[in-house]
Amino acid sequence: MRSEASVLHLDLDAFYAAVEQRDKPSLRGKPVIVGGLGPRGVVSTASYEARTFGVRSAMRMAEARARCPHAAYLYPRFHAYRISSRRVMAVLRALSPLVEPLSLDEAFVDLTASQHTDLSVKGVERIARDLKAEVTQVTGGLTGSVGAGTSKFMAKVASDLRKPDGLVVIEPGTERELLAPMSVTTIPGVGPATADRLRRVGVHTVGELDRLGEAEIVAAVGQAAGRSLAQLARAQDDRPVVAERETKSVSVEDTFDHDIADPTTLTLIVERIAARVAERLTGERLSGRTVTVKIRLFDFTTHTRSTTLPGPTDDGRVITRLAKRLLTEVDTSAGVRLLGVGVSGLADWVQGDLFEEAEDGEERTEEPAKEPVEQPVAAHHWYPGNDVVHDTYGRGWVWGAGLGRVTIRFETAETGPGPVRTLHAADPDLAPYSPLT
DNA sequence: TCTGGGGTCCTAGGACCC
DNA sequence: TCTGGGGTCCTAGGACCC
């Protein structure tokens with residue numbers, strides 16, 4: 001446990017809406033609501049003027065329009081938000097190299113890694129005041145709320161305490177007293193489901209949770225959540241501020257204005273979404289092994305289907321083919337409201353990083369290997385119905401794979417479906433064929 | 001015209017290996 | 001014929017966060 005309030009949390013106020021008001025003076029002082037504008041849109045950010053009408057983040061747009069019909073409704077301009085976000089993060093990194101961004105508008109800063117030595121409450125207040133001024137300056141007038149405390153948890157609680165444009169440093173030693181009357185939902189990781197479970201054992205506040213034993217908490221909410229909850233309820237939080245986090249997955253999803261049941265349309269959409277995922281993977285020099293399709297049906301039930309490749313890929317053709325196959329594994333005949341494609345199990349190496357230094361900013365001429373996994377290959381590396389093979393027989397699809405062998409069914413334009421060949425995984429005949437091509 | 005999009009982490013069961 | 005435990009990987013679903 002830190003003895004000083006050396007963790008700082010910055011939260012930009014109504015960030016998306018504030019950027020819009022900054023860039024369009026006619027919107028200043030007026031309710032502004034940023035989010036999806038379609039029939040199924042939800043609110044991303046409401047300006048403080050809109051919040052007085054009860055409009056909140058994650059609220060359905062239809063409800064927001066009912067509550068505040070005269071607001072300006074805007075589709076998010078992420079490019080603009082990203083520019084301002086980068087400037088703010090740069091300010092934070094100048095303060096301390098240890099900055100952990102949580103999103104475009106939020107970050108933790110570890111002040112023990114900064115050049116400041118006075119981390120008394122007064123000293124941290126001075127740092128925070130200067131920081132707020134600088135943030136406002138580099139963003140052309142945006143404000144942020146800053147909190148500081150002896151842990152991430154307390155810093156975040158602090159920044160929430162006075163919004164907007166707030167500055168709160170929680171004096172070390174006063175944490176439990178401060179937390180005791182607060183709702184358990186103040187604790188990160190406690191959402192509606194966990195709050196409900198705790199309510200059933202008579203716990204509503206952090207203080208009540210604190211008085212419960214760890215064993216009882218674990219019994220109520222499970223192993224991992226229970227242990228961390230028991231700690232956080234006592235204001236014990238040793239989570240470090242982590243500057244670099246590795247991306248674990250990349251996904252794209254789309255909710256349709258109206259449910260779609262037509263299989264051809266769904267296939268087309270899944271192709272388009274898979275291509276966007278592949279684009280982002282290659283753009284970020286990532287590749288992954290597991291492809292997942294997410295299907296939300298008309299009734300909001302959500303299904304995922306996934307498959308794991310023997311080696312990482314960023315090939316749009318491979319991702320698309322697998323996504324299309326996975327889509328067929330779920331009954332979509334009653335209507336689909338959302339389709340998504342994701343790739344996870346990302347390689348911890350960057351594809352082709354041996355080839356490019358790219359100091360000159362030129363296009364790379366050397367394409368990275370699309371298929372890191374080459375032969376020899378085990379039978380289970382072949383994907384029935386997906387892997388295509390060409391040889392003297394013509395074009396063949398892998399028909400079955402497993403138990404050390406691969407069956408391939410060939411067909412030609414003239415003769416149609418032709419012979420079925422069974423090859424052993426170690427068969428040299430299989431070697432020329434690369435799976436997943 | 002109920003319920004976004006991008007993520008992270010956890011759980012639980014089954015397969016498989018030693 | 002019956003019966004181990006531990007570890008890892010994979011899949012599906014769900015909670016949660018901003």
Side-chain angles (χ1 to χ4, degrees), chain A residues 9-12 14-16 33-46 56-66 75-76 78 81-82 85 100-108 152-153 156 159-160 184-198 218 221-229 239 242 245-259 273 276-277 280 284 286 288-310 326 329-330 337-346 378 380 402-403:
Chain A
H9 180 253
L10 168 73
D11 193 345
L12 297 169
F15 181 48
Y16 298 176
I33 295 167
V34 180
L37 302 182
R40 285 169 169 170
V42 301
V43 175
S44 292
T45 310
R56 295 280 178 275
S57 289
M59 178 180 278
R60 294 198 324 274
M61 221 21 127
E63 189 179 346
R65 285 186 195 277
Y75 192 79
F78 287 105
Y81 310 152
R82 232 170 258 124
S85 178
E100 180 177 336
L102 299 175
S103 61
L104 290 181
D105 65 334
E106 252 186 73
F108 286 114
K152 282 181 167 182
F153 179 27
K156 187 141 165 80
S159 70
D160 264 327
V184 286
T185 56
T186 310
I187 300 173
V190 178
T194 306
D196 212 56
R197 288 182 175 195
L198 292 173
V218 167
V221 307
Q223 190 68 229
R227 282 193 190 166
S228 87
L229 233 62
R239 294 172 300 161
V242 180
R245 311 195 89 154
E246 252 173 67
T247 305
K248 301 257 169 76
S249 67
V250 170
S251 66
V252 174
E253 62 185 54
D254 193 11
T255 294
F256 315 128
D257 287 354
H258 307 284
D259 295 346
I273 292 176
R276 283 168 64 195
V277 172
R280 284 192 40 209
E284 294 171 42
L286 295 169
R289 290 180 57 215
T290 302
V291 176
T292 303
V293 163
K294 177 173 169 183
I295 298 150
R296 177 118 74 208
L297 299 177
F298 69 100
D299 61 356
F300 219 74
T301 57
T302 305
H303 302 273
T304 60
R305 291 293 179 271
S306 64
T307 185
T308 298
L309 297 165
L326 291 167
E329 292 178 11
V330 174
R337 67 174 284 140
L338 171 148
L339 274 185
V341 176
V343 174
S344 56
L346 300 185
H380 69 271
L403 300 174

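Quick note: numbers below take in every heavy atom, side chains included, and nothing from hydrogens, waters or symmetry partners. Per chain, numbering begins at 1; letters A, B, ... match sequence-line order. These numbers were taken from a predicted model, which means no experiment stands behind them.
Looking at the side chain of Lys248(A), the nearest of the listed nucleotides dG4(B), dT8(B), dC10(C) is dT8(B). Picking from dT11(B), dC16(C), dA12(C) the nucleotide with the shortest atom distance to the side chain of Ser306(A) gives dA12(C). Side chain of Thr255(A), nearest nucleotide from dG5(B), dC18(C), dT3(B): dG5(B). Distances were taken from every side-chain heavy atom of Asp105(A) (C-beta onward) to each of dC18(C), dG4(B), dA12(C); the shortest belongs to dC18(C). The Pro192(A) side chain lies nearest to dC16(C) when the options are dC16(C), dC10(C), dC18(C). Among the nucleotides dT3(B), dT1(B), dC18(C), the one closest to any side-chain atom of Phe300(A) is dT3(B).
Not one side-chain nitrogen or oxygen of Arg65(A) sits closer than 4.0 Å to the OP1 or OP2 atom of dT1(B). Applying the 4.0 Å criterion to OP1 and OP2 of dT1(B), one finds that Arg40(A) has every side-chain N and O outside that range. The shortest distance between the side-chain N/O atoms of Thr304(A) and the OP1/OP2 oxygens of dA12(C) is not below 4.0 Å. Contact annotation: Lys152(A) does not reach the phosphate of dC17(C) (side-chain N/O to OP1 or OP2, under 4.0 Å). Regarding contacts with the backbone of dA12(C), every side-chain N or O of His303(A) stays at 4.0 angstrom or more from both OP1 and OP2. OP1 or OP2 of dG4(B) sits under 4.0 Å from a side-chain N or O of Arg337(A). Dashed line: the shortest gap from a side-chain N or O of Ser249(A) to OP1 or OP2 of dG7(B) is not under 4.0 Å. Within the structure, every side-chain polar atom (N or O) of Ser103(A) is placed at least 4.0 Å from both OP1 and OP2 of dG7(B). Within the 4.0 Å cut-off from OP1 or OP2 of dC9(C), not a single side-chain nitrogen or oxygen of Arg289(A) is found. For Thr247(A), no side-chain nitrogen or oxygen approaches OP1 or OP2 of dG7(B) to under 4.0 Å.
Between Arg280(A) and Ala224(A), the residue whose closest nucleotide on DNA chain B is further toward the 5' end is Arg280(A). DNA chain B is contacted by both Ala58(A) and Ser251(A); Ala58(A) maps to the nucleotide lying nearer its 5′ end (nearest heavy atom per residue).
Going from atom CD1 of Ile273(A) over to atom C1' of dG4(B) covers 13 Å, rounded to whole Å. Going from atom CG of Asp259(A) over to atom C1' of dG4(B) covers 15 Å, rounded to whole Å. Here dG6(B) presents its C1' atom at 15 Å from CZ of Arg245(A), a figure rounded to the nearest Å. Distance CZ (Arg305(A)) to P (dA12(C)): 5 Å, rounded to an integer number of Å. Protein atom CZ of Phe298(A) is 15 Å distant from nucleotide atom C1' of dC2(B), rounded to whole Å. In this entry the distance linking CE of Met61(A) with P of dG5(B) reads 12 Å, nearest Å. Look at NE2 on His9(A): it is 13 Å from P on dC17(C), rounded to the nearest Å. The nearest whole Å value for the distance from the CD atom in Glu253(A) to the C1' atom in dT8(B) is 14 Å.
Note on ring orientation: taking the six-membered ring where Trp is involved, the planes of Tyr81(A) and Tyr16(A) are parallel (angle under 30°, cut-offs 30° and 60°).
Atom name P, nucleotides dC17(C) and dC2(B): the rounded distance is 27 Å, in whole Å. Comparing dT1(B) with dC16(C), their P atoms sit 29 Å apart, to the nearest whole Å.
Between the side chain of Arg40(A) and the backbone N or O of Phe256(A) there is at least one donor-acceptor pair closer than 3.5 Å. A donor-acceptor pair under 3.5 Å is formed between the side chain of Arg289(A) and the backbone N or O of Leu309(A).
Residue contacts for Leu338(A): at a heavy-atom cut-off of 4.0 Å it reaches the sugar-phosphate backbone alone, with no base atom in range. Residue Val43(A) is out of contact with every strand shown, counting any heavy-atom pair closer than 4.0 Å. Contact annotation for Glu63(A): no contact, since no heavy-atom pair falls under 4.0 Å across all strands. The residue Gly189(A) sits close only to the backbone: its heavy atoms come under 4.0 Å of sugar-phosphate atoms, none of a base. Thr194(A) comes within 4.0 angstrom of sugar-phosphate atoms only, judged by non-hydrogen atoms across all strands, and of no base. No contact: Gly41(A) has no heavy atom under 4.0 Å from any strand. Using a 4.0 Å heavy-atom distance criterion, Lys294(A) is classed as making no nucleic acid contact.
Taking CG from Leu12(A) and OG from Ser85(A), the interatomic distance works out to 7.5 Å, rounded to the nearest 0.5 Å.
When both pairing distances are held under 3.5 Å, dC17(C) makes a Watson-Crick or G-U pair with dG6(B).
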